[in-house]
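These numbers come from a predicted model, not from an experiment. Quick note on labels: first sequence line is chain A, next is B, and so on, each numbered from 1.
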Amino acid sequence: MSPAMHALHNAKVMSRAELTRRLVAKLSDQAVIGGIGNTNFDLWAAGRRAENFYMLGSMGLAVPIALGVAIAQPNRTVIALEGDGSLLMQLGCLATVAARRARNLIIVVWDNGIYQITGAQPTPAAAARTDLVAIARAAGIAESHWAADEAEFDALAARALGAPGPWFIAARIDDQPAVTQTERDPVRIRDSFMRGIARRA
Amino acid sequence: MDGTPSATWHGIVAATLRQNDVRLVTYVPDRVLAPLIAAVEADPFFTAFPAAREEEAVGIVTGAWMGGMRGVVLMQTSGFATLANVLASLVCACQIPLVMMVSERGTLGEFNLGQAMVCRTLRPVLAALGIDHHTITRLDETEFVVDRTIRQALATQAPACLILSPLLTGGKRFPA
């Protein structure tokens with residue numbers, strides 16, 4: 001087993017809600033693109049920010065949307081928060097991110113190995129023991145890491161927020177349902193986000 | 001005009017994108033689009049690069065527009081056929097002025113049955129989603145249609161699709 005695989009299987013299963021709160025607590029003017037489902041709901045519950053875009057569809061596109069914001073605003077750090085099932089739908093985007101050398105992009109993946117919101121069916125990656133961090137690194141994102149526990153997640157997030165990327169940080173997370181859900185008005189969410197990032201960082 | 005870039009359809013399109021400050025060009029390649037891709041890749045005004053999949057390109061241009069940068073997505077007909085979900089659930093739902101350019105395969109001399117079949121879905125999908133679309137067939141109308149379509153998309157915050165007909169581009173010919 002490769003070192004990366006050890007990192008995956010030794011990583012602690014953590015609370016997605018708590019890790020989300022830890023990440024949001026570190027933010028100032030960074031933009032965050034929240035992938036669909038519980039990823040987004042926990043982001044919403046961690047505190048509304050005008051710089052957050054809460055996706056309501058287009059599964060798998062948190063990273064591409066974040067890359068677009070990062071290209072448009074090279075002086076603002078942009079974070080894609082995405083679930084493992086969503087990322088599996090759009091693995092090609094990791095090569096695009098690597099090719100663009102997106103210095104101001106951080107990808108955070110919550111990996112619980114299931115399509116939680118549709119009934120907790122296991123993903124094919126879970127069955128195959130696929131290592132998403134190894135995929136990201138092999139795609140060309142050198143700074144790709146598993147967070148072994150909460151302290152390492154904090155440390156990785158702090159490093160990523162302070163040094164050029166692209167970064168890919170993955171955490172094994174639990175299957176707890178989100179405590180709340182986002183509002184469901186796409187135009188309002190989009191408009192709020194645009195106003196939130198209208199002043200260039 | 002002969003010999004100048006504006007005498008070709010791709011030269012006119014590139015110049016019209018520039019006039020409208022459309023700086024970001026994401027694409028999944030296509031033989032017919034090759035001269036347009038080459039033109040924008042060679043011009044430092046543009047940020048132009050390929051995406052692995054058309055819906056990824058749509059996501060990138062959507063994010064860039066929300067961040068203040070105008071873009072366009074280039075693809076061929078079969079690529080458009082992969083987009084119904086992202087167009088419905090992101091672009092239409094969020095009122096994103098996404099401009100797409102689709103090089104039309106599957107008609108006027110197609111040799112691949114699969115391309116001919118997928119071409120039949122292009123306009124019905126656009127109609128079902130209520131997305132404005134125009135088919136460009138003539139060189140002398142290209143600048144007007146491209147320019148007005150970009151302007152209307154931005155002004156009304158609605159997506160639009162420009163279909164580049166083989167009548168304009170020459171299309172892809174039968175293999176020899």
How long is the straight-line distance from [atom2] of [Y] back to [atom1] of [X], given to the nearest 0.5 Å?
{"X": "B/E104", "Y": "B/L122", "atom1": "CD", "atom2": "CG", "result": "6.5 Å"}
{"X": "B/I12", "Y": "B/L17", "atom1": "CD1", "atom2": "CG", "result": "12.0 Å"}
{"X": "A/R159", "Y": "A/L156", "atom1": "CZ", "atom2": "CG", "result": "6.0 Å"}

field: Choice from B/R53, B/E55, B/Q157, B/R70 maximising heavy atom contacts with chain A below 4.5 Å
entry: B/E55
- request: Find the one option among B/A52, B/G71, B/G59 whose heavy-atom pairs under 4.5 Å with chain A are most numerous.
  value: B/G59
query: When you check the side-chain N and O atoms of B/N20 and B/D147, is any donor under 3.5 Å from an acceptor?
result: yes
task: Just jot down the side-chain contact (heavy atoms from CB on, under 4.5 Å) partners of B/S78, sequence neighbours excluded, or say none.
output: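 B/S78 satisfies side-chain contact (heavy atoms from CB on, under 4.5 Å) with B/Q76, B/Q115, B/V118 once adjacent residues are dropped.
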Is it the backbone or the side chain of [X] that comes under 4.5 Å from a heavy atom of chain B, or both, or neither?
{"X": "A/R100", "value": "side chain"}
{"X": "A/M55", "value": "neither"}
{"X": "A/L61", "value": "side chain"}

- request: Assign the ring pair A/F193 / A/F53 to parallel, tilted or perpendicular, where the plane angle (0 to 90°) is split at 30° and 60°.
  value: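 The rings of A/F193 and A/F53 sit tilted, inter-plane angle from 30° to 60°.
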query: Between B/D21 and B/R23, is there a side-chain N and carboxylate O pair less than 4.0 Å apart?
result: yes
query: So, A/R22 and A/E150, do they make that salt bridge, N to O below 4.0 Å?
result: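 Salt bridge between A/R22 and A/E150, a charged N being under 4.0 Å from a carboxylate O: no.
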- prompt: Where along residues 83-97 of chain B does a heavy atom come under 4.5 Å of chain A, listed by residue number?
  reply: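 Listed by number, the contacting residues are B/N85, B/V86, B/S89, B/L90, B/A93, B/C94, B/Q95, B/I96.
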Interface residue of largest heavy-atom contact number with chain B, from A/I71, A/L56, A/L67, under 4.5 Å: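 The answer is A/I71.
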- request: For this output row, return yes or no: ring centroids of A/F153 and A/W110 closer than 6.0 angstrom.
  value: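 Yes, close enough.
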